[in-house]
2 protein chains.
Amino acid sequence: MTKLQIHGREASDASDRDAKAQAEGFATVRQAHESEMAEDYVELIAELIEIQGEARPVDIAERLGVKPPTVTKNISRLKEAGLVSRERYRAIFLTPEGQKLAEACRRRHRIVVAFLLSLGIDEETAERDAEGIEHHVSETTLEAFEAVVTRAHEKH
Amino acid sequence: MTKLQIHGREASDASDRDAKAQAEGFATVRQAHESEMAEDYVELIAELIEIQGEARPVDIAERLGVKPPTVTKNISRLKEAGLVSRERYRAIFLTPEGQKLAEACRRRHRIVVAFLLSLGIDEETAERDAEGIEHHVSETTLEAFEAVVTRAHEKH
DNA sequence: TATATATGTTAGCATCGGCTAACTTTTGAG
DNA sequence: CTCAAAAGTTAGCCGATGCTAACATATATA
Ligand SMILES: [Mn+2]
Ligand SMILES: [Mn+2]
Ligand SMILES: [Mn+2]
Ligand SMILES: [Mn+2]
């Protein structure tokens with residue numbers, strides 16, 4: 001709909017452009033969902049390595065709230081994607097590419113949490129909301145968040 | 001891990017509580033993903049009814065950026081869930097329950113967009129980011145967003 | 001009104017990310 | 001050093017949400 005045949009070519013009106021922009025928005029969200037698993041895993045693996053020296057499936061499963069077989073399957077996907085390295089029955093480590101992604105995710109997570117806290121949100125809620133929001137924040141928005149956090153800190 | 005047997009009962013340490021809270025956060029995100037399709041559809045259906053008087057699969061597909069068979073399938077899920085009513089080959093309408101959900105989603109969407117705009121984000125980016133963020137914003141955070149928007153408006 | 005085009009549905013396929021049950025390997029307590 | 005418990009894997013299942021190809025229905029133009 002909203003398409004007419006004029007002189008044999010397609011014509012667009014204002015609501016057509018709107019529809020296209022909207023579709024791109026939804027496509028962006030679907031894309032974000034595709035990277036979400038990888039992002040949460042590498043971020044968590046980096047945290048566990050920092051805390052415990054290594055990331056083991058049992059700990060990943062506990063912190064994600066999923067069962068061990070789910071972790072095994074997803075880790076093999078991450079290995080396939082070149083983000084983690086590991087040998088069977090051994091702990092999981094990040095490849096250089098995985099480390100880079102983990103760093104970016106941790107930064108984003110930190111900024112989103114700090115931003116929500118600066119709005120007066122309680123820690124529990126800030127962490128919960130950030131865990132989902134982080135995957136849908138563009139670099140533009142992230143920088144705006146960062147600016148707010150910085151200003152809030154300067155004011156004490 | 002991080003569980004010891006003491007006097008025959010389980011003992012928790014600080015990192016255990018942390019792990020549990022983290023798992024709840026991820027569980028919350030997984031739950032949000034379960035309602036996401038329904039939320040985006042009813043919101044869009046409400047918009048189309050407002051603009052065009054009815055919501056047809058072809059328009060829903062165009063605006064979501066998916067193919068018509070995907071819409072057919074998802075609409076039948078929404079019907080199953082009691083959110084929409086429709087007869088074969090006819091336009092789609094919202095049940096009272098669907099209208100209520102749509103209203104809540106539109107409010108949330110509006111607030112998130114207005115909030116991002118008030119931060120100086122451009123419209124295109126605000127809409128894109130909001131489309132994903134909206135599903136992960138608790139009522140607590142939404143109210144904080146609303147307060148910021150209101151204050152920004154008062155200052156002109 | 002006849003029929004061509006646009007719209008909608010069905011069937012069948014794929015991937016993702018959950019799960020349980022059953023099995024294997026590693027670890028560590030005695 | 002042995003062997004039971006803990007950890008990890010595999011196989012097989014499921015539902016959600018995309019897709020294409022083929023078919024059915026509705027609509028609008030000639
Ligand atoms: Mn996350
Ligand atoms: Mn995170
Ligand atoms: Mn959305
Ligand atoms: Mn929306």
Side-chain angles (χ1 to χ4, degrees), chain A residues 1-6 8 10 19 23 26-42 44-45 48 52 54-81 83-84 86-93 132 135, chain B residues 1-6 8 10 23 26-41 44-45 48 52 54-81 83-84 86-93 132 135:
Chain A
M1 285 296 96
T2 73
K3 293 225 171 118
L4 328 167
Q5 289 291 329
I6 296 179
E10 272 180 9
F26 285 115
T28 300
V29 176
R30 284 192 298 271
Q31 264 189 265
H33 285 158
E34 278 175 30
S35 5
E36 196 161 333
M37 184 274 285
E39 291 175 355
D40 285 336
Y41 272 71
V42 298
L44 178 53
I45 289 165
L48 287 169
Q52 314 189 325
E54 60 178 20
R56 304 171 70 236
V58 69
D59 295 321
I60 294 171
E62 187 192 11
R63 292 178 117 94
L64 289 177
V66 300
K67 302 294 177 185
T70 300
V71 172
T72 296
K73 190 182 289 186
N74 285 332
I75 291 298
S76 80
R77 286 176 184 148
L78 296 184
K79 191 177 174 184
E80 194 63 25
L83 295 170
V84 308
R86 83 122 148 191
E87 290 161 61
R88 262 205 188 175
Y89 296 102
R90 297 266 99 100
I92 294 138
F93 295 94
H135 308 282
Chain B
M1 280 299 99
T2 71
K3 292 225 172 115
L4 328 167
Q5 290 290 332
I6 296 181
E10 271 180 9
F26 286 115
T28 299
V29 176
R30 284 192 299 270
Q31 264 189 264
H33 285 158
E34 279 175 29
S35 6
E36 196 161 334
M37 184 275 285
E39 291 175 353
D40 285 336
Y41 272 71
L44 178 53
I45 290 166
L48 287 169
Q52 316 190 322
E54 60 178 22
R56 303 170 70 235
V58 68
D59 295 321
I60 295 172
E62 188 193 9
R63 290 178 118 94
L64 288 177
V66 299
K67 301 295 178 185
T70 300
V71 173
T72 296
K73 191 180 289 187
N74 284 332
I75 291 298
S76 80
R77 284 176 187 148
L78 297 184
K79 191 178 174 182
E80 194 63 27
L83 295 169
V84 308
R86 86 118 145 195
E87 291 159 60
R88 260 204 189 178
Y89 295 102
R90 297 265 96 102
I92 294 137
F93 295 95
H135 308 282

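Numbers restart at 1 for each chain; the letters A, B, ... are given by sequence-line order, proteins then strands.
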Colleague: Nearest whole Å is fine: how far is D/dA16 C1' from B/Ile75 CD1?
Modeller: 15 Å

Colleague: Rounded to whole angstroms, how far apart are CD on B/Glu34 and P on D/dC14?
Modeller: 18 Å

Colleague: Just how far is it from atom OG1 of A/Thr72 to atom CD1 of A/Ile92, taken to the nearest 0.5 Å?
Modeller: 8.0 Å

Colleague: Among C/dT27, D/dA7, D/dC19, find the nucleotide with the atom closest to the side chain of A/Arg56.
Modeller: D/dA7

Colleague: Rounded to whole angstrom units, what separation is found between the CE atom of A/Met37 and the C1' atom of C/dT15?
Modeller: 11 Å

Colleague: What closest approach, in Å, do A/His135 and A/Ala32 show between heavy atoms, and which atom pair accounts for it?
Modeller: O-CB, 3.4 Å

Colleague: Considering only side-chain heavy atoms of B/Thr72, which listed nucleotide, D/dT10, C/dC19, C/dG8, is closest?
Modeller: C/dG8

Colleague: Give one of base, sugar-phosphate or nothing for B/Pro57, where a contact means two heavy atoms less than 4.0 Å apart.
Modeller: sugar-phosphate

Colleague: Where the side chain of B/Lys67 is concerned, which of C/dG18, D/dT20, C/dG17 is the nearest nucleotide?
Modeller: D/dT20

Colleague: Rounding to a whole Å, what distance do you find between A/Glu36:CD and C/dG18:P?
Modeller: 10 Å

Colleague: Which whole-number value in Å describes the distance from A/Arg30 CZ to D/dC19 C1'?
Modeller: 12 Å

Colleague: Can you tell me the distance, in whole Å, between the CG atom of A/Asn74 and the C1' atom of C/dC19?
Modeller: 12 Å

Colleague: The side chain of B/Lys73 is closest to which nucleotide in this list: C/dG17, C/dT9, D/dG18?
Modeller: D/dG18

Colleague: Main chain of B/Gly65, side chain of A/Arg30: is a donor-acceptor contact present, judged purely on distance under 3.5 Å?
Modeller: yes

Colleague: Please give, in whole Å, the distance from C/dT27 C1' to A/Glu54 CD?
Modeller: 12 Å

Colleague: Closest nucleotide of DNA chain C for A/Tyr89 versus for A/Pro69: which of these residues is on the 5' side?
Modeller: A/Pro69

Colleague: Roughly how many Å is it from CZ in A/Arg90 to P in D/dG8, rounded to a whole number?
Modeller: 10 Å

Colleague: If you look at every strand shown and take non-hydrogen atoms under 4.0 Å, does B/Arg88 touch a base, only sugar-phosphate, or nothing?
Modeller: sugar-phosphate

Colleague: Calculate, to the nearest 0.5 Å, the distance between atoms CZ and CD belonging to A/Arg77 and A/Glu80 respectively.
Modeller: 11.0 Å

